[in-house]
Amino acid sequence: MRRISLIFAGAIACLVLSLGATAAAQGGPKTCTTNSKNVIGHTVNGTLTSRNVNSVQAEYATCGHAKKVMTRILSIRVEQPKSVAGFYCVPSVLSTHPDVVNYKCTFKGADTPMFVKLAFRVKYNLD
């Protein structure tokens with residue numbers, strides 16, 4: 001009888017730990033903001049979502065890193081797929097004169113199931 005209750009208690013403890021780890025690994029959508037003189041209004045908001053974030057690569061799932069990616073993309077006005085700061089960014093040009101572009105940038109962990117997505121839309125100045 002004792003052995004069964006110990007096994008049952010161990011199974012419950014494992015279940016609680018696994019559910020807690022799953023909840024911590026999911027990142028709800030965050031709004032990240034950066035500024036650029038190249039866009040109308042000078043402010044760009046991006047949506048950052050992540051899942052299965054591990055401690056080694058957790059910096060890629062932060063607004064600080066997302067801001068670096070957005071700032072670099074906006075400074076060179078990328079309109080072709082490009083890797084920037086670990087993210088692979090794919091633009092979709094919605095209109096021209098002025099250019100309106102949607103960006104979807106993804107980061108995928110090499111040896112882990114980590115996934116981070118950054119999405120934002122900009123309307124560039126005519127300069």
Side-chain angles (χ1 to χ4, degrees):
M1 187 87 158
R2 283 179 137 176
R3 197 175 276 175
I4 291 175
S5 59
L6 284 175
I7 292 172
F8 184 68
I12 289 177
C14 288
L15 179 65
V16 168
L17 288 175
S18 68
L19 290 177
T22 302
Q26 301 298 322
K30 299 177 195 172
T31 301
C32 304
T33 304
T34 191
N35 296 313
S36 174
K37 64 180 180 168
N38 291 331
V39 297
I40 295 174
H42 301 289
T43 302
V44 177
N45 293 319
T47 303
L48 182 71
T49 55
S50 60
R51 67 176 181 259
N52 299 323
V53 177
N54 60 51
S55 60
V56 175
Q57 298 172 319
E59 69 182 271
Y60 293 100
T62 63
C63 276
H65 194 77
K67 182 177 177 179
K68 288 179 191 176
V69 172
M70 289 191 294
T71 301
R72 178 71 179 140
I73 290 281
L74 298 172
S75 69
I76 57 178
R77 297 181 182 222
V78 171
E79 291 187 3
Q80 303 243 343
K82 182 168 181 65
S83 291
V84 176
F87 280 77
Y88 184 69
C89 297
V90 178
S92 298
V93 178
L94 302 176
S95 69
T96 57
H97 207 16
D99 289 343
V100 177
V101 183
N102 270 347
Y103 291 99
K104 289 191 177 152
C105 302
T106 56
F107 174 86
K108 296 179 183 176
D111 298 332
T112 64
M114 181 175 161
F115 182 79
V116 182
K117 182 174 115 179
L118 172 64
F120 58 101
R121 178 184 291 191
V122 297
K123 188 174 193 179
Y124 285 107
N125 290 332
L126 294 176
D127 297 337

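Using a 4.5 Å cut-off between side-chain heavy atoms of Ile, Leu, Val, Met, Phe, Trp and Tyr, with links allowed through other members, Val44 and Val100 fall into different hydrophobic clusters. Ile40 and Tyr103 fall into different hydrophobic clusters, where Ile, Leu, Val, Met, Phe, Trp and Tyr residues are linked whenever their side-chain heavy atoms come under 4.5 Å apart, directly or through other members. Val56 and Val116 fall into different hydrophobic clusters, where Ile, Leu, Val, Met, Phe, Trp and Tyr are joined by side-chain heavy atoms under 4.5 Å apart, directly or via other members. Clustering ILVMFWY residues whenever any of their side-chain heavy atoms sit less than 4.5 angstrom apart, transitively, puts Val78 in the very cluster that holds Tyr124. Under the 4.5 Å side-chain heavy-atom criterion for ILVMFWY residues, no single connected hydrophobic cluster contains both Val90 and Ile76.
What you find for Phe120 and Gly46 is that their closest heavy atoms are CB-CA, 3.7 Å. Here the closest non-hydrogen pair linking His42 and Lys37 is ND1-CA, 3.4 Å. In terms of heavy-atom proximity, Pro91 sits nearest to Val101 at CB-CG1, 3.7 Å. Across all their heavy atoms, Thr43 and Val39 have their closest contact at N-CG2, 4.1 Å. Heavy-atom minimum distance, Pro29 versus Thr47: CB-CG2, 4.1 Å.
Between Ile73 atom CD1 and Thr34 atom OG1 the span is 12.0 Å, to the nearest 0.5 Å. Atom OG of Ser50 and atom CG of Leu118 lie 11.0 Å apart (nearest 0.5 Å). With rounding to the nearest 0.5 angstrom, the CE atom of Met70 is 11.0 Å from the NE2 atom of His65. Rounded to the nearest 0.5 angstrom, Asp111 CG and Asn54 CG are separated by 9.5 Å.
Within the 4.5 Å cutoff, side-chain heavy atoms of Asn125 are placed close to those of Arg77. Inter-residue side-chain proximity for Phe115 and Asn52 is flagged as unmet; no heavy-atom pair is nearer than 4.5 Å. Between Ser83 and Cys89, the closest side-chain pair of non-hydrogen atoms is not below 4.5 Å. The shortest side-chain heavy-atom distance between Lys108 and Met114 does not fall under the 4.5 Å cut-off. Lys67 places none of its side-chain heavy atoms less than 4.5 Å from the side chain of Thr33.
Under a 3.5 Å cut-off, the side chain of Asn102 and the backbone N or O of Ser92 do not form any donor-acceptor pair. Proximity of a side-chain donor or acceptor of Lys30 to a complementary backbone N or O of Ala61 within less than 3.5 Å is detected.
Note on ring orientation: taking the six-membered ring where Trp is involved, the planes of Phe87 and Phe107 are tilted (angle from 30° to 60°).
Remark: Arg72 CZ is loosely packed, at most 12 non-hydrogen atoms of other residues, nucleotides or ligands lying under 6.0 Å away.
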